[in-house]
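Along the sequence shown, the residues carry numbers beginning at 1.
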Amino acid sequence: MRWILGAAAALTMLPIGAGGDARAILYDAVALNIGVNCQWQTGCMRQQRAAMKEALSYVARERPAQWRVQQCNRNASRGPNRVDWVGYDHCIRNPAIKLSRHKSRRK
């Protein structure tokens, strides 16, 4: 746990992007979550960021049903506020995904 805090503190000094409005990675929640999910491996982070861009552009372009977006969010979840973007991208594009109807358990 100590190395995560040390890495996050060290990364606050690194700017993201090449624009004049560069922010520290500590203030970019998406980059921070991808970094933690990938254990700061650059290849994994690159793959996750590309999948995120593809999935978000697909959702904006195709406008899938709300239930599909919610189900893929649950399927790709790695815990609170953490998403596996490669899994989400595969799920949202999969035509075989059907609405799952669970019987409610009433006591």
Side-chain angles (χ1 to χ4, degrees):
M1 181 69 175
R2 210 178 263 181
W3 67 271
I4 292 175
L5 295 176
L11 290 173
T12 59
M13 301 300 189
L14 299 174
I16 299 175
D21 187 30
R23 297 183 332 174
I25 196 167
L26 188 58
Y27 300 110
D28 186 0
V30 173
L32 192 58
N33 283 328
I34 288 175
V36 170
N37 284 344
C38 290
Q39 298 177 352
W40 303 104
Q41 297 174 3
T42 56
C44 175
M45 290 174 67
R46 191 176 313 118
Q47 186 180 22
Q48 288 286 325
R49 188 167 295 276
M52 178 185 70
K53 288 180 182 178
E54 289 292 321
L56 292 177
S57 68
Y58 177 82
V59 169
R61 184 178 61 247
E62 299 296 324
R63 309 294 266 169
Q66 187 67 31
W67 65 264
R68 180 181 292 273
V69 173
Q70 290 172 352
Q71 185 169 354
C72 289
N73 277 336
R74 283 191 303 273
N75 290 348
S77 176
R78 288 188 175 181
N81 302 323
R82 292 175 62 192
V83 174
D84 172 27
W85 284 102
V86 173
Y88 181 82
D89 187 36
H90 290 154
C91 177
I92 201 72
R93 294 171 186 271
N94 188 351
I97 300 290
K98 303 290 184 207
L99 179 62
S100 63
R101 298 182 187 262
H102 297 288
K103 293 181 180 177
S104 62
R105 295 182 184 182
R106 293 188 182 182
K107 292 183 178 183

Counting only pairs under 3.5 Å, give me each side-chain donor-acceptor contact of residues 54-63, with atom names and distances, residues two or more places apart or in other chains.
from : atom 1 : to  : atom 2 : distance (Å)
S57  : OG     : K53 : O      : 3.2
S57  : OG     : E54 : O      : 3.0

Problem set entry | Gap separating the CD atom of Q66 from the CD atom of Q71, nearest 0.5 angstrom | 12.5 Å
Which pairs would a plain distance check flag for residues 84-92, meaning a side-chain donor or acceptor within less than 3.5 Å of a matching protein atom at least two apart in sequence or in another chain?
from : atom 1 : to  : atom 2 : distance (Å)
D84  : OD1    : Q48 : NE2    : 2.8
D84  : OD2    : G87 : N      : 3.4
D89  : OD1    : R93 : NE     : 2.7
H90  : ND1    : V86 : O      : 3.4

Seminar exercise, completed: Closest non-hydrogen atoms of I34 and M52, given as atom of the first, atom of the second and distance, are CD1-SD, 4.4 Å
